[in-house]
Trainee: 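One structure, as structure tokens, below. Some questions next.
Residue numbers start from 1 in every chain, and the chains themselves are labelled A, B, ... in the order their sequence lines are given, proteins ahead of strands.
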Amino acid sequence: MIFMDGKTNDKTIVQKIFSARAGRELSVGDLAVVNVDYVLAHDTTCAWAIDPFYQIAKRVFDPDKIHIFFDHAYPAPSTQAAQLQTKIRNFANEQGIKIYTDGVCHQVMAERFLRPNTLLLGADSHTPTGGGLGAFCAGFGSTDAAVAMATGKAWIRVPETLKINIEGKLGAGVYTKDVILSIAKDLSAEGANYKVIEFGGSAIAKMPVSSRLTLCNMCAELGAKTGIVPADEMTAQYLESQGRAQPFEFLRSDQNAEFSDVLTYDISNIEPTVAKPPDIDKDVSISEVEGIQITQVFLGSCTNCRIEDLEVAYNILRGKKVADGVRLIVTPASRQVYELALRAGYLEEFSKAGAVVTSPGCGACLGRHLGVLDDNDVCVSTSNRNFTGRMGSPKAQIYLASPATAAASALAGKLTDPRRYFKK
Amino acid sequence: MVRVWKFGDSINTDLMTPGRYNMTNSPEELGKIAFIEHRPEYAKSVKSGDVIVGGRNFGCGSSRETAVMAFKANQISAIVAKSFARIFYRNCINNGVVVLTAPADFIDAISEEDQIRITDTEIINETKGKRVSVLVPPIVKKFKVCGGILGYLKTHRLEDLEG
């Protein structure tokens, strides 16, 4: 409804999710205290939440709503990491909270716990990943996680929503990662600062959940509070495939809800795209960087290491060998992905190709273990960050790309257009 | 004498407290490794009351609160930037670390030798004779007075923020 003075009480989907949890109608810009449905923390951020927690509470508000994951440096690669994990284990035991060691927190949350139209407070910057299931999932610090564990609530400013419609059909060898990197080039690393990006359009309606998770994951790199794809039939099918079928509302932004802007991207002519180091928004078509020699390929992370991503890589790598001088490291995003890939024969083919196949987790993404870079390394990564020093030495170079581009580059020993290897 | 530490655009939290160094619970240790690779002289020379000045998207990247804990341990009196990334911004607010945005031209005009004075309503560059007014959100004031959100919650409920 639009009133005579032009104002509207139509709401965006995020306004609706917040209002339901604040117990009152909220407008964009309001400071509100909302109930959270889940709290997420991991082997790094949880350690810094424990002392703050005990300053304000003795018992967590609900242990079943708190999800702790050991993923960033698991199994512990150093005594320092092991000590922090012991501290977290003790805390979890005291409070009756379960710790999950089944892979990257965002992947496991999406597989096992997240439901549409809910609110996840995650002590990790890539918490927005879960927006692919139509939930509001945002990243916070450890103190916010401590407050949420103690009270079940968070203070939050109701964000503006930037609507992005995606139309058209991807060409062969071009994937969702290429789409979001192209959008990153257009918007920049702060282009969506403090906003929610709500995705719509015909391409989104057909997009599987795996790809929606990739899109929303990368919204964190555009400065956004989060990304969200309103839940629909695709979402229902995904939940069913995970054994979690349950009716839910197809919550939508109202017809006349206010968006800060509405952008439309036609993805039909997008080419494989790469983010040049050290910026997520210095994106170029693969043709501009083809031929650059590389030393490591990381096929992993919550951004792009679901079974669908491994399938794409498998189709390129199958029966071939990784180039001399290149380390290909495959780190499935979760135990579920690992087991599916094992059963499908993917992991064996990766191994035959000369890859290192690791246990599920964050792995090399953040430079702690399982593929740390040295000064002269040039890495193609399917992850979400290529900052200076992100994966090890501050002198190393990291190019972000799709799993297809990563796999093709591993075979060629240099940045390579995957369409050269693409099999239909 | 308070000095300014000036940084550019897109200073991310990995630069502030790199993953290789920040696996510690000790604020003091974190203070010692702040900017250890990006600007090694910072941690060695920073003094209580110093001001950090940044460009756009200051604090982008990882949610790691160690970045803010480090600056708090350094007893930074304020962080002034053209714009802040959201998780870093709210981590600062929650820790009672003063974060202020200022216009680009005011920031660009600041040199590290300048004398900066910050009041409740203004940032003054006394050396260059420039000043800008600042709007400090109520929540920032409420938390700062209590030393951060944890101090606030000892005498308030979270819901009191909505009042």
Trainee: Considering residues, nucleotides and ligands other than B:K6, do more than 12 of their heavy atoms fall under 6.0 Å from its NZ?
Mentor: yes
Trainee: Could you look at B:D14 and say if it's the side chain, the backbone, both or neither that has a heavy atom under 4.5 Å from chain A?
Mentor: side chain
Trainee: Can you say whether A:L366 sits under 4.5 Å from chain B via the side chain, the backbone, both, or neither, judging by heavy atoms?
Mentor: neither
Trainee: So for B:L161, is it side chain, backbone, both, or neither that comes closer than 4.5 Å to the heavy atoms of chain A?
Mentor: both
Trainee: For a side chain to side chain contact (heavy atoms under 4.5 Å, CB included) with A:L119, tell me which candidate from A:V14, A:I156, A:V36 qualifies.
Mentor: A:V36
Trainee: Between A:S142 and chain B, with a heavy-atom cut-off of 4.5 Å, which part of the residue counts as in contact: side chain, backbone, both or neither?
Mentor: both
Trainee: A cation-pi test, strictly: NZ or CZ of B:R90 under 6.0 Å from the centre of the six-membered ring of A:W155 and no more than 45 degrees from its axis. Yes or no?
Mentor: yes
Trainee: Check for a donor-acceptor pair, side chain of B:S83 on one end and backbone N or O of B:R56 on the other, with a separation under 3.5 Å.
Mentor: no
Trainee: Quick check on the interface: out of B:P138, B:A85, B:S62, who has the most heavy-atom pairs with chain A under 4.5 Å?
Mentor: B:S62
Trainee: Contact part of B:I87 toward chain A, heavy-atom cut-off under 4.5 Å: side chain, backbone, both or neither?
Mentor: side chain
Trainee: Quick one: pull up OG1 in A:T127 and OH in A:Y38 and give me the separation to the nearest 0.5 Å.
Mentor: 13.0 Å
Trainee: What part of A:K225 gets within 4.5 angstrom of chain B, counting heavy atoms only: side chain, backbone, both, or neither?
Mentor: both
Trainee: Could you check which of A:P394, A:G367, A:A138 has the highest count of heavy-atom pairs closer than 4.5 Å to chain B?
Mentor: A:P394
Trainee: Side chain, backbone, both or neither: which part of B:F84 has a heavy atom under 4.5 Å from chain A?
Mentor: both
Trainee: Heavy-atom distance under 4.5 Å to chain B: side chain of A:D51, backbone, both or neither?
Mentor: side chain
Trainee: Which atoms of B:L30 come close to chain A, meaning under 4.5 Å heavy atom to heavy atom: side chain ones, backbone ones, both, or neither?
Mentor: neither
Trainee: Name the member of B:C60, B:P18, B:G151, B:G61 that forms the most heavy-atom pairs with chain A at distances under 4.5 Å.
Mentor: B:G61
Trainee: A:A123 versus chain B, heavy atoms under 4.5 Å apart: side chain, backbone, both or neither?
Mentor: backbone
Trainee: Measure distances from A:A224 to the heavy atoms of chain B and classify the residue's part below 4.5 Å as side chain, backbone, both or neither.
Mentor: backbone
Trainee: Counting only non-hydrogen atoms closer than 4.5 Å, does B:T13 touch chain A with its backbone (N, CA, C, O), its side chain (CB onward), both, or neither?
Mentor: neither
Trainee: Quiz question: by atom type and distance under 3.5 Å, do the side chains of A:D144 and B:N94 form a donor-acceptor pair?
Mentor: yes
Trainee: With distance as the sole criterion, is a donor-acceptor pair present between the side chains of A:D375 and A:S393 under 3.5 Å?
Mentor: yes
Trainee: Between A:T151 and chain B, with a heavy-atom cut-off of 4.5 Å, which part of the residue counts as in contact: side chain, backbone, both or neither?
Mentor: side chain
Trainee: Centroid separation under 6.0 Å, is that true for the rings of B:F71 and B:F35?
Mentor: yes
Trainee: With a 4.5 Å cut-off on heavy-atom pairs, point out which of A:R368, A:Q55, A:H126 contacts chain B the most.
Mentor: A:R368
Trainee: Quick one about A:S125 and A:R385 (side-chain donor to acceptor, distance below 3.5 Å, no hydrogens or angles considered), yes or no?
Mentor: yes
Trainee: Check each atom of B:L15 against the heavy atoms of chain A and say whether the ones under 4.5 Å are side chain, backbone, both or neither.
Mentor: side chain
Trainee: Please state whether the side chain, the backbone, both or neither of B:N22 comes within less than 4.5 Å of a heavy atom of chain A.
Mentor: both
Trainee: Check whether NZ of the Lys or CZ of the Arg B:R39 lies under 6.0 Å from the centre of the six-membered ring of B:F7 and within 45 degrees of that ring's axis.
Mentor: yes
Trainee: When you measure from the side chain of B:N74 to the backbone N and O of B:G31, does any donor-acceptor pair fall under 3.5 Å?
Mentor: yes
Trainee: Pick one of side chain, backbone, both or neither for B:E37, based on which atoms fall under 4.5 Å of a heavy atom in chain A.
Mentor: side chain
Trainee: Under the 6.0 Å and 45° cation-pi test, does B:R86 pair with A:F140?
Mentor: yes
